[in-house]
*Asks:* 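Structure provided below as structure tokens; questions to follow.
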Amino acid sequence: MNSEDNVKNPNSAPLDESGSNDFIRAIIKEDLKTGKHQTIRTRFPPEPNGYLHIGHAKSICLNFGLAQAFGGLCNLRMDDTNPVKEDIEYVESIQEDVRWLGFSWDDRLFYAADYFDQMYEYAEQLIKQGQAYVCSLSREDTKSTRGTLIEGGQESPYRNRPIEENLDLFRRMKAGEFEEGTHVLRAKIDMNSPNINMRDPAIYRIRKASHHRTGDKWCIYPMYDYAHCISDSIEGITHSICTLEFENHRPLYDWFLDQLHVKCHAQQIEFARLNVTYTVMSKRKLLFLVKEKHVRGWDDPRMPTISGMRRRGYTPQAIRNFCAKIGVGKAETTVDFSLLEYCVREDLEKISPRVMAVMHPLKVVIENYPEGQVEELDAPYHPDDPSWGSRKVPFSRVIYIEQEDFMENPPKKFFRLAPGREVRLRYGYFIKCVSVVKDPTTGAIVELRCTYDPSTKGGNAPDNRRVKSTLHWVSAAHAISAEARLYNQLFTKESPDEGKDFLSFINPKSLEVVTCYIEPSLATCKVGDRFQFERIGYFYVDLDSQPNHLVFNRTITLKDTWAKIQQKEQTAE
RNA sequence: UACCCGAUAGUGUAAUUGGUAACACAACAGGUUUUGGUCCUGUACUUCGAGGUUCAAGUCCUCGUCGGGUAGCCA
């Protein structure tokens, strides 16, 4: 749309300012431009039969984002037409997750179940129009007469039942006179259609199950294809956005609404669902991981669920940025997990105060530091922004550093501490390693003996001599011990969905629990706080934390150039 | 073997709708740095194939190739 159009039509909906220009936005822009719609209405319609995951986040950001961008509205709708699979637990978690992601449906929380009366009326209308009939074939016979992908089906012997008989039977289905599986209401379309969805699909089936919302009012429940288009129509949806597997269902979506002569008939638009490397996305597989206790629950930080990512410490902003970056298309694709990681780091980098903690402690005794002496060193919360303020960090004779920051026989590219080498302690002093203490039986390094240079307090040498690295540390006498949960990929294979047994690709090292030492300033931190532990990663205070037992989830590591160098050297050998 | 859909750097997505193929991530190289972080600079790598229309094709047409979806009384 050019500026001239804006001048001509100053009251048109605001233009999309998200910067993206995918095929769905193109359709909407065109619809607004041609006047097909004055405003748009979308909806996010999950079935409450599981927890939302990152793939749903894509759909949420799309539907709510579109509404925002074009000045329309987006509804939240529970697509709850199958009581045997659905549960109130999921209804609640879905709302929590959408809200947390940063989207608001105001008073527009809807349930397909709330439209059951209208749907029933419409069904009688179809029967009266001669476009639906009660079929009394068994499940098996229905299947065997449907035909195959390459051959048409056969018409049901019940297909030409008189309208009055259909009406009577359907009403008695509703009244609960028949057992499950004995009858079904079918649309009368075309048993020879090349599109199997059009071969007299079921509209209503008998389910003597109580529904989380309508209780025992109904014993017949509408099928998805029938319920979804009607729900959209009732809510005034203009663009009904769904995933690719519903493409073949679109003719049926349109057929129902055409036969029912409804006023509102949305355009169904399909987009490719999200896949991400090193994870699985199907609700069935996620449910399996939970049920078989491969993870601790739906909100286990290793899960790609929204609740899992939340608990891990991902931010809503990071997930929204990710969804904006991956775009929308019709090609089935798999996004690199590293893009998600990038978005998480990008946001966390901006909002996390820096503090110090040691995951795998190595004791260091500073021989020339006076016994009993303690200094409070000033340490800023952000290296480049003084407005974040600072805190005091105690320094004393015995400290802990990270085990991997010392090597007895360092390779050329190792810049950290080694025998005879001098390094800087962050915001502290320069120290030099003078000897290594080993366990006499195992030979393991248990302690380092170092000396410090008192003139380097704060981290600078008066003679301007340089060190090759800066280490994080905590004072042994002042550190608080805490639990750290170090997460890695749940799967070792880039595409765990490939092949039959995705469980065989579960990463046995997806969680490492350690007792770490954190600086004393962290004593007062609260559940939900975020920090960058310098040189390690971003951490999130888990809800398992107790006053005397803090638990930190490692949200994500910092980018680790050294690890990359090591890997390269190893593979080169 | 029926119908539907898709294919642009390694990955994902753009290209004023027929007019110089680009952005982000990843990779690689360098610079800055009291985080091997951040930040900055640079390098390498792209239109599935064959025809056709056109002054001009990633874009339009034809035929292929490859990939995905579809035979629930699931959604």
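Chain letters run A, B, ... following the sequence lines, proteins first, then strands; residues in each count from 1. Side chains are part of it too, since the values below use all heavy atoms of this structure and drop only hydrogens, waters and symmetry mates.
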*Asks:* Tell me, yes or no, whether the heavy-atom count around Arg207(A) atom CZ, taken from other residues, nucleotides or ligands under 6.0 Å, exceeds 12.
*Replies:*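 More than 12 heavy atoms, drawn from other residues, nucleotides or ligands, come within 6.0 Å of this atom.
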
*Asks:* What integer distance in Å separates His472(A):NE2 from U33(B):P?
*Replies:*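 Value for this atom pair: 23 Å.
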
*Asks:* Write down the distance separating the C1' atoms in C39(B) and U35(B), rounded off to the nearest Å.
*Replies:* 13 Å

*Asks:* Hey, does the side chain of Thr561(A) come within less than 4.0 Å of G37(B)'s phosphate (OP1/OP2), counting only N and O?
*Replies:*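 Indeed, a polar side-chain atom of Thr561(A) lies that close.
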
*Asks:* Provide, to the nearest angstrom, the distance between the CD atom belonging to Glu151(A) and the P atom belonging to A71(B).
*Replies:*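 Distance, rounded to whole Å: 16 Å.
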
*Asks:* Check this one for me: any side-chain N or O of Arg354(A) less than 4.0 Å away from OP1 or OP2 of U38(B)?
*Replies:*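 Result: no.
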
*Asks:* Determine the interatomic distance between C1' on C74(B) and the same-named atom on G10(B); round to the nearest Å.
*Replies:* 37 Å

*Asks:* Considering residues at least two apart in sequence or located in another chain, which fulfil the salt bridge (charged side-chain N to carboxylate O under 4.0 Å, His left out) criterion with Glu341(A)?
*Replies:* none

*Asks:* Measure from OH on Tyr427(A) to C1' on U33(B) and round the result to the nearest Å.
*Replies:* 11 Å

*Asks:* Is any side-chain nitrogen or oxygen of Thr470(A) closer than 4.0 Å to OP1 or OP2 of G36(B)?
*Replies:*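 Looking at the OP1 and OP2 atoms of G36(B), neither is under 4.0 Å from any side-chain N or O of Thr470(A).
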
*Asks:* Remember a base hit wins even if backbone is also touched, and classify Pro45(A) as base, sugar-phosphate or nothing at under 4.0 Å, heavy atoms.
*Replies:*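 No contact.
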
*Asks:* Check whether any side-chain nitrogen or oxygen of Lys330(A) sits under 4.0 Å from OP1 or OP2 of G69(B), and answer yes or no.
*Replies:* no

*Asks:* Once rounded to the nearest 0.5 Å, what's the spacing between atom NE2 of His228(A) and atom NE2 of His249(A)?
*Replies:* 11.5 Å

*Asks:* Distance check needed: C3(B) C1' versus Arg199(A) CZ, whole Å only.
*Replies:*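 Arg199(A) atom CZ is separated from C3(B) atom C1' by 9 Å.
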
*Asks:* Considering just the side-chain nitrogens and oxygens of Arg139(A), establish if one lies under 4.0 Å of OP1 or OP2 belonging to A71(B).
*Replies:* no

*Asks:* Does G36(B) have OP1 or OP2 sitting under 4.0 Å from an N or O in the side chain of Arg535(A)?
*Replies:*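 Checking G36(B) against Arg535(A), a side-chain N or O does come within under 4.0 Å of OP1 or OP2.
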
*Asks:* For Glu404(A), does the CD atom sit with more than 12 other heavy atoms under 6.0 Å from it, leaving out its own atoms?
*Replies:*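 Check fails, neighbour count at 12 or below.
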
*Asks:* Among U70(B), C5(B), A26(B), find the nucleotide with the atom closest to the side chain of Glu247(A).
*Replies:* C5(B)

*Asks:* Looking at the rings of Tyr517(A) and Tyr400(A), which for Trp means the six-membered one, are their centres under 6.0 Å apart?
*Replies:*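 Yes; Tyr400(A) has its ring centre under 6.0 Å from that of Tyr517(A).
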
*Asks:* Examine Tyr90(A) together with Tyr51(A) and report whether their ring centres are nearer than 6.0 Å.
*Replies:* yes

*Asks:* With P as the reference atom in both, quote the distance from U20(B) to U59(B) in angstrom, rounded to an integer.
*Replies:* 14 Å

*Asks:* Does U38(B) have OP1 or OP2 under 4.0 Å away from a side-chain N or O of Lys350(A)?
*Replies:* no

*Asks:* Can a donor-acceptor pair under 3.5 Å be found between the side-chain atoms of Gln532(A) and the base atoms of U35(B)?
*Replies:*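 Per atom types, the contact qualifies.
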
*Asks:* May I ask you to evaluate whether Lys559(A) reaches the phosphate of U38(B), defined as a side-chain N or O under 4.0 Å from OP1 or OP2?
*Replies:*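 Yes, because at least one side-chain N or O of Lys559(A) sits under 4.0 Å from OP1 or OP2 of U38(B).
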
*Asks:* State whether the aromatic ring of Tyr224(A) stacks on the base of A75(B), taking stacking to mean ring centres under 5.5 Å apart and ring planes under 30° to each other.
*Replies:* no

*Asks:* Would you say C74(B) has OP1 or OP2 under 4.0 Å from some side-chain N or O of Arg207(A)?
*Replies:* yes

*Asks:* OP1 or OP2 of U70(B) less than 4.0 angstrom from a side-chain nitrogen or oxygen of Asn195(A), does that happen here?
*Replies:*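 Looking at the OP1 and OP2 atoms of U70(B), neither is under 4.0 Å from any side-chain N or O of Asn195(A).
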
*Asks:* Can you tell me if Arg424(A) touches the phosphate of U33(B), counting only side-chain N or O atoms and a distance under 4.0 Å to OP1 or OP2?
*Replies:* no

